[in-house]
Amino acid sequence: MKLYHYSTFENFPSIQREGLKIGADNVVYLAESPELAREFAYIYGLKSYALFEVDIELNEISESADHNEDYFKGLTQKTSAKCYISEHNIPADNVNFMGMFWV
């Protein structure tokens with residue numbers, strides 16, 4: 001399954017080397033589309049960030065209910081705005097850099 005993750009430029013080198021590591025709340029957050037990941041970066045106030053495509057198995061994630069899906073469907077103009085969490089680190093081989101973005 002292809003999902004998406006944004007992160008600050010400062011984290012870019014370690015993500016390229018080591019993959020995505022679980023954060024302080026013991027999960028890695030993932031979005032179902034690049035547009036949704038970008039909206040989260042904007043909502044959280046990032047002026048610049050890196051976007052990654054993550055290849056992950058369905059049995060390694062669970063759906064997250066920490067956001068208002070209808071609100072994000074409106075922002076992304078998509079029919080779905082699902083987010084997921086992984087409780088495991090995601091190896092670098094499963095994380096592909098998509099680009100750098102500036103607001």
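Note: hydrogens, waters and symmetry copies are ignored here, and every other heavy atom, side chains too, is used. Bear in mind that the values here come from a model prediction, so they are computed numbers and not experimental data.
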### Task
Flag yes if Tyr6 and Phe101 sit in one hydrophobic cluster, no otherwise; membership is Ile, Leu, Val, Met, Phe, Trp, Tyr, and two members link when side-chain heavy atoms are under 4.5 Å apart.
yes
### Message
I'd like to know if the side chain of Glu32 reaches the main chain of Ala81, judged simply by a donor and an acceptor atom lying under 3.5 Å from each other, with no hydrogens or angles considered.
### Response
yes
Taking every heavy atom of Asn26 against every heavy atom of Ile22, the minimum-distance pair comes out as C-CB, 3.8 Å
Margin query: Under 4.5 Å between side-chain heavy atoms, counting indirect links through other Ile/Leu/Val/Met/Phe/Trp/Tyr residues: same cluster for Phe9 and Ile15 or not?
Written below: yes
Closest heavy-atom pair, Ala50 versus Phe12, reported as atoms and distance to 0.1 Å, is CB-CD1, 4.1 Å
Sorted by chain and residue number, the side chain to side chain contact (heavy atoms under 4.5 Å, CB included) partners of Asn94 (sequence neighbours excluded) come out as Ile90, Pro91
Tightest non-hydrogen contact, residues Ser64 and His67, listed as O-CE1, 3.8 Å
Cluster question for you: counting only ILVMFWY and a side-chain heavy-atom cut-off of under 4.5 Å, with indirect links fine, are Met1 and Leu51 together?
-> no
Exercise. Look at the side-chain heavy atoms of Ile, Leu, Val, Met, Phe, Trp and Tyr, link any pair under 4.5 Å apart, and say whether Leu58 and Leu30 land in one connected group.
Key: yes
For Ala31 and Ala37, the nearest pair of non-hydrogen atoms, with its separation, is CB-N, 3.7 Å
Kindly assign one of parallel, tilted or perpendicular to the pair His5 and Phe52, based on the angle between their ring planes and the thresholds 30° and 60°. tilted
Query raised in the report: Does the separation of the ring centres of Tyr29 and Phe40 fall below 6.0 angstrom?
Result: no
When every non-hydrogen atom of Ile61 is compared with those of Ser86, the smallest separation belongs to CG2-CB, 4.3 Å
Next item on the list: Decide yes or no for Glu35 and Ser33: does some side-chain heavy atom of the first lie under 4.5 Å from some side-chain heavy atom of the second?
Entry: yes
Per side-chain contact (heavy atoms from CB on, under 4.5 Å), Leu3 is matched among Asp55, Ile56, Val28, Leu36 by Ile56
- request: Evaluate the side-chain hydrogen bond (donor to acceptor under 3.5 Å, both in side chains) criterion for residues Tyr4 and Glu53: first the C-alpha distance (whole Å), next the side-chain angles of each, then the deciding distance (0.1 Å), finally the verdict.
  value: CA-CA 5 Å; Tyr4 302 87; Glu53 182 180 73; 3.1 Å; yes
| task | Please check if the side chain of Glu87 supplies one atom and the backbone of Val27 the other of a donor-acceptor pair under 3.5 Å. | result | no
**Request:** Step by step, work out the side-chain hydrogen bond (donor to acceptor under 3.5 Å, both in side chains) result for Tyr49 and Arg38.
**Result:** CA-CA 9 Å; Tyr49 56 92; Arg38 293 190 67 199; 2.8 Å; yes
Should Asn89 and Leu20 count as side-chain neighbours, where that means a heavy-atom distance under 4.5 Å? no
